[in-house]
Amino acid sequence: SQQGEEDPQALSIQEGENATMNCSYKTSINNLQWYRQNSGRGLVHLILIRSNEREKHSGRLRVTLDTSKKSSSLLITASRAADTASYFCATEFYFGSGTKLNVKP
Amino acid sequence: EAGVAQSPRYKIIEKRQSVAFWCNPISGHATLYWYQQILGQGPKLLIQFQNNGVVDDSQLPKDRFSAERLKGVDSTLKIQPAKLEDSAVYLCASSFLGGRENEQFFGPGTRLTVL
């Protein structure tokens, strides 16, 4: 399976802190994507990183990719209560089981 | 711009009954996807259409699930007969072109409960 698997399964932090989520996958990839899902806005695409890229930024999001270790990380800086959601990595069309992030105000 | 529309939003049926879900993708999007998301898990791709042709249905349980996209726009996903393990949220997504790098836009989903 090409599924990405996120770690940790759940993360609880205070507003203003940084949140880091990790993803591991099994096979070679062309790209890896991160998604956010909450009850208000459903599943939303956050960022795509290609296999020849090592790092990518989008606003408060920073994604890294290490193809030698078959892993990726998503860093959310200066978290807000509105960042409370589940975060998924996806390789091709295969999603992991997600990290549930709770940001406490 | 209108997003991906799905209906119904919720459905409760008994096992062995049939159910159908409808999806209207974003206008102009050639590629349409159906995903199944079981509680606590990530979405699982069931089928991908490019216009009205099937690109990938390798994870679709074809003995009970069927999907069509007759005119290359709207799509329906049907389950017949339903089993308890089909309880999940069924998500429809669309993308402009398809392929691995095209951003997918997801609808709100249909939550199915099979009793």
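Below, read A as the first sequence line, B as the second, and so on, with proteins coming before strands; counting in each chain starts at 1.
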Asks: Quick check on A:Glu55: does its CD atom have over 12 non-hydrogen neighbours (other residues, nucleotides or ligands) under 6.0 Å away?
Replies: yes

Asks: Is chain A contacted by the side chain of B:Gln104, its backbone, both, or neither, given a heavy-atom distance below 4.5 Å?
Replies: both

Asks: With chain B as the partner, which of A:Glu6, A:His45, A:Lys100 has the greatest number of non-hydrogen pairs under 4.5 Å?
Replies: A:His45

Asks: Pick from A:Thr20, A:Asn22, A:Thr64: which one makes a side-chain hydrogen bond (donor to acceptor under 3.5 Å, both in side chains) with A:Ser73?
Replies: A:Thr64

Asks: Show your reasoning for whether side-chain contact (heavy atoms from CB on, under 4.5 Å) applies to A:Leu61 and A:Trp34.
Replies: CA-CA 10 Å; A:Leu61 306 180; A:Trp34 284 91; over 6 Å; no

Asks: When A:Tyr35 is tested against each of A:Tyr87, A:Phe95, A:Phe93 for ring pair (Phe, Tyr, Trp, His ring centres under 6.0 Å), which residue passes?
Replies: A:Phe95

Asks: Contact part of A:Gln9 toward chain B, heavy-atom cut-off under 4.5 Å: side chain, backbone, both or neither?
Replies: neither

